[in-house]
**Q** 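My questions all concern the structure below.
What's counted below: heavy atoms across the whole structure, side chains too, no hydrogens, waters or symmetry copies.
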Amino acid sequence: MKNYTYILVLFVTSLLANAQNTDKLQLVRQPESVGPGAHATLFFDFKSSETSKIEHQFFIPSNWRILSEKVFERKDGNRYMFTISTPKETLSGKYPIEFTINTNSGAYTEKLILTVEERFQVELEVLDHKEWVKEGDTLVTPFLLQNLGNTTEKIVLSSSKGQVLNEKDTLFLAPNTSREILVRQHIPVTNKASWMTTSDLSAELEGRNPMYDVVSIPVYSNSSKKADPYLRLPIFAGIEYFNTKYGNEQYNSAQFNIRGSGHLDFDKKHHVNFILRGPNNIHLPQLGSFDQYSLTYENKNIKVDVGDYLLRFGQLMEFGRFGRGVKFEQRIGEDRWTAFIQNARFINTQKGSFGLGFTKVLEGGHELSLRYMSKKLVQANEEFWSNLTGVSGRFEFKGLESYTDLSLGVAKGKVDGAIYNRLSYSIGKLRLQNEFIQAGKNYYGYYTNSRFLLNSVNYQFSPKLSAGVNTNNSNINPSLDINVFATSPLSKVKMAYLSYMPNQKNQFFFNLTQQEREDRQIPASYHFKESFLNLTYSHNSTRFALTASTRMGHVNNLLVGDASERTASYNASISPEVALTPWFWVGGYFEFLHTSKFSQTNELQNLLYYGGNVRLNVNNVISLNAMYRNNYTPDQLFQSRRFSNGSLVFDFKKHVLSAIAGKTYIPVSFTESKFSTFFSIKYTFRFDAPVAKNKNIGHLKGKLVGLNEGIPQNGVLLQLGPYKVLTDGSGAFEFNNLMPEKYILSIPSAYELQGVKTAASGPMAIDIKADTTLVYDVELVRTGSLKGQINYDLKEKYNFEESEKGKDLLILAKLSNGKEEFITRVNRRNTFNFGEVKPGEWTLQVYLPGSQEEYEVENGTIKIQVEPNKTEMTSFTVKTVKRKIKFTGQDFRLSSNKK
């Protein structure tokens, strides 16, 4: 019997041991990740035959909270459920969590890693703004910048019209924090009675799209002016002294200069533009010292140019000729007639010309033009007429744009022609372009014996990335006026490029290029073939600009023969520009070349080019611009020949004094070019000449009406746009001789008007009609005020310290009555205040933007009756949002992916 008892005890002990060995703690379900300020639910299963003396511990990161916990008893153990929440400011990353079961037989621990997601949420909004502002004032607009995400953001701040007042250009905004950004700007003084200005703020974030917010604010004039019923034409009259030195010859001259531009009637149907400059001092027309007498008149149907004007008559016949004569344009519906007579002034090979053209606008906006022109030319002491006819068409359809010009010319008994075509086609992100010019040897239009071909293919992969291929073959002979600083070298270019713009401030441009360029001057200073790789970087910000490039390749110098040896070529350039102050910029230019392409003997040369520039503008009164270049590469001289240039201007609105000086390189012919230095000083006076009188002026009269007792009436200053008047003893006021226009009527702040406001919401807009007297009474009311106090009730079961009460909470108070709305921020003393509130019923709302999931305001919206000369007091309580879990009674089977 004892043996059986011993065997039974041994068997039970073995069963208990096996049961103890089968105890197991397992994580049933783990969420992949959780967001900041969000919650997650974890389930743990503990399988055990033991039902007593089971204790558990749940460890989570500091400042995390356990919203709820529940234990479900089962036959084979327990199931534990925990709902936890992460603080909104939790940074992204991996966080350890540990759950431990303690029993008589031992401790069991399950560890896991919970990933907190990266969340980007930056918000920018106008916090408050003025209802209107006066000219000459300083406008300060507060913007609210919030980082509601869980990553620290690098933000670059800028404003297009003002400057950031209380922050640096670049700030680092921590998670769950906010900044009040103040933008300050000066409101300029204009001649307008009222206009609109904007206050804006841009926030650029690394690797993200920029943010932008803007608010429009009415502006009205702050200066007292007499009503002027006349329409006036601004005219500038001045005198200029000019000194030039060309080679060893020196010239001195003086000229008068009168110019004006504007409308001749109040309906703006007739416009005139004129220039009178003389006498004639045409020593160096390239420097603009020639005389000019021009008059342009235009209305809805007619445009007339008389005197000196620039003629453009098609793309092939005459693309830019300055001369003296008459040009007439007539519009009949959408169709246009053109007729002209002109004597060319600055080209030795051409004298008189005349022409006639007609343009028909077809359905869909397409155009068809017919032209005839005849010009008298001189070549080798021989005079002859070139008679030109042409037809051109413009066509647009579903991304396809085409312009074609065909011309036929008869001169010296020979017939020849020319063609111009420009074609572009866009489909999605792909854009194709083609431009083509072909002119025969016996065609004497603007081009003669010319060929030009441009092809380009561009694909825009994204707003930041584009790529393309270009080819350019130029062998054109334009008949340029001698006052134009340009020549046309022979060139052939093939290029493939890639452009990357990571943001609005930075751009990278990479290109692979093959080109051939030949100088047309005699003797030629360059003729080379070149292949190179080029990388250009450019940066533009509010206080700094930079362009830098580097080029590497090979060159064949064809000046020494077609079989010249290919040599290596290297080029590097940089041109920085920095704002020492917002109104003073200084820049430089540096370029180094290691090449043989400009050598007459194909020797490698080290060439250094440098220069600088200065820009200064002080309150639009004093402006200075100056530049200097020590030299240009020979193939750049066909575009620019100015080695130094400086201008200083003193602009006092009515009086302007300016001085210009410089040094330039002037080509006279293929064999003659000289340096020229020049200096001029000019005085200009502005006056506004009356050209029409408006007899249909308007008037405004009214009275101050007090809705409460004690409203002042006598001697109150009112301002209507730029005009000011004082009320009489009865509160009456009157504005006379007003131009028909929209004005802003306002009452400037004064000591005797403290606690008094107009009953109207926002600015009082007055629309003055012609030949009408408008009666407008201004209602004034005594105001009250409102003050509030914020209390806190932030008790929480887990992970909360009393010292954190209200820490870094953004709380706003909004007061509205359906017509007006005011917003203020609760200060650090947990109070807020609204002063000078109009009497009546208002709705007051206190809320926490971006924190509604975690905090709530008890009775956050209330109605308040504001009474004159009284202060209403109120208080609100901020509480932590209570989270509840509702059990439906349904059974859910949870499974684990673990096997």
Side-chain angles (χ1 to χ4, degrees), residues 208-210 212 312-320 329 331-338 357-371 389-408 417-439 445-447 450-476 478 491-515 534 536 538 540:
R208 307 187 191 276
N209 293 327
Y212 179 78
R312 288 192 174 180
F313 195 63
Q315 194 77 26
L316 297 171
M317 295 182 180
E318 204 70 278
F319 191 63
E329 297 181 40
R331 301 177 185 88
I332 303 176
E334 293 185 350
D335 300 336
R336 303 184 299 274
W337 284 94
T338 302
F358 172 70
T359 298
K360 176 68 177 178
V361 179
L362 306 175
E363 185 178 354
H366 312 311
E367 292 184 359
L368 180 64
S369 299
L370 300 174
R371 300 183 184 90
T389 57
V391 58
S392 65
R394 190 184 305 275
F395 174 80
E396 296 182 13
F397 180 74
K398 293 184 178 180
L400 177 66
E401 298 180 11
S402 174
Y403 175 77
T404 303
D405 194 352
L406 300 172
S407 180
L408 191 67
I419 180 174
Y420 171 84
N421 181 73
R422 182 176 66 249
L423 179 70
S424 66
Y425 179 64
S426 299
I427 177 170
K429 298 180 178 181
L430 180 65
R431 181 173 176 83
L432 308 175
Q433 288 183 289
N434 169 269
E435 192 169 2
F436 172 72
I437 297 175
Q438 177 72 45
Y446 187 76
Y447 300 99
S450 297
R451 292 177 300 279
F452 176 83
L453 178 62
L454 170 66
N455 292 295
S456 69
V457 180
N458 174 269
Y459 190 82
Q460 193 77 34
F461 294 95
S462 69
K464 298 181 179 181
L465 182 65
S466 64
V469 176
N470 295 336
T471 64
N472 185 325
N473 191 334
S474 178
N475 185 1
I476 58 175
S491 67
K492 298 178 182 179
V493 180
K494 298 178 182 179
M495 180 177 67
Y497 71 89
L498 181 69
S499 176
Y500 176 62
M501 184 182 295
N503 50 51
Q504 296 295 323
K505 293 184 177 181
N506 300 284
Q507 182 178 14
F508 297 88
F509 186 85
F510 173 80
N511 63 286
L512 172 62
T513 301
Q514 289 184 343
Q515 67 175 358
N534 179 79
T536 300
S538 61
N540 283 284

**Q** Ignoring hydrogens and angles, tell me if any N or O in the side chain of N421 forms a donor-acceptor pair with the backbone of E435 under 3.5 Å.
**A** no
**Q** Between the side chains of R336 and E367, is the shortest nitrogen-to-carboxylate-oxygen separation below 4.0 Å, so that they form an ion pair?
**A** yes
**Q** Hydrogens and angles aside, do S499 and Q507 bring a side-chain donor and acceptor to less than 3.5 Å of each other?
**A** yes
**Q** What residues, two or more places apart in sequence or in another chain, satisfy side-chain contact (heavy atoms from CB on, under 4.5 Å) together with Y500?
**A** K464, L465, P502, F508
**Q** For K492, does the NZ atom have more than 12 heavy-atom neighbours from other residues, nucleotides or ligands under 6.0 Å away?
**A** no
**Q** Do V493 and T513 pass the side-chain contact (heavy atoms from CB on, under 4.5 Å) test, and can you show the C-alpha distance, the side-chain angles, and the key distance before you say yes or no?
**A** CA-CA 7 Å; V493 180; T513 301; 4.0 Å; yes
**Q** Quick one: side-chain hydrogen bond (donor to acceptor under 3.5 Å, both in side chains) partners of R451, sequence neighbours excluded?
**A** none
**Q** Between CG of L430 and CZ of F461, what distance do you get to the nearest 0.5 Å?
**A** 10.0 Å
**Q** Any side-chain donor-acceptor pair under 3.5 Å between S456 and N458?
**A** no
**Q** So does I332 have more than 12 non-hydrogen atoms from other groups sitting under 6.0 Å from CD1?
**A** yes
**Q** Is there a side-chain contact (heavy atoms from CB on, under 4.5 Å) between F452 and N472? Walk through the geometry before answering.
**A** CA-CA 8 Å; F452 176 83; N472 185 325; 3.6 Å; yes
**Q** Which heavy-atom pair separates F358 from K360 by the least distance, and what is that distance?
**A** CE2-CB, 3.8 Å
**Q** Using a cut-off of 6.0 Å, state whether more than 12 heavy atoms not belonging to F397 lie near its atom CZ.
**A** no
**Q** Rounded at 0.5 Å granularity, tell me how far NE2 in H366 sits from CZ in F395.
**A** 5.0 Å
**Q** With distance as the sole test, does S407 use its side chain to make a donor-acceptor pair with the main-chain N or O of T389 at under 3.5 Å?
**A** yes
**Q** First locate atom OG of S462, then atom CE of M501, and finally report the distance between them rounded to the nearest 0.5 Å.
**A** 10.5 Å
**Q** About how many Å separate CG of L498 and CG of L512, when rounded to the nearest 0.5 Å?
**A** 12.0 Å
**Q** State the CD-OG distance between Q315 and S369, to the nearest 0.5 angstrom.
**A** 12.0 Å
**Q** Working to the nearest 0.5 Å, report the span between OG of S426 and CZ of R431.
**A** 4.0 Å
**Q** Taking atom types as modelled, find out whether Q438 and Y447 have a side-chain donor-acceptor pair closer than 3.5 angstrom.
**A** no
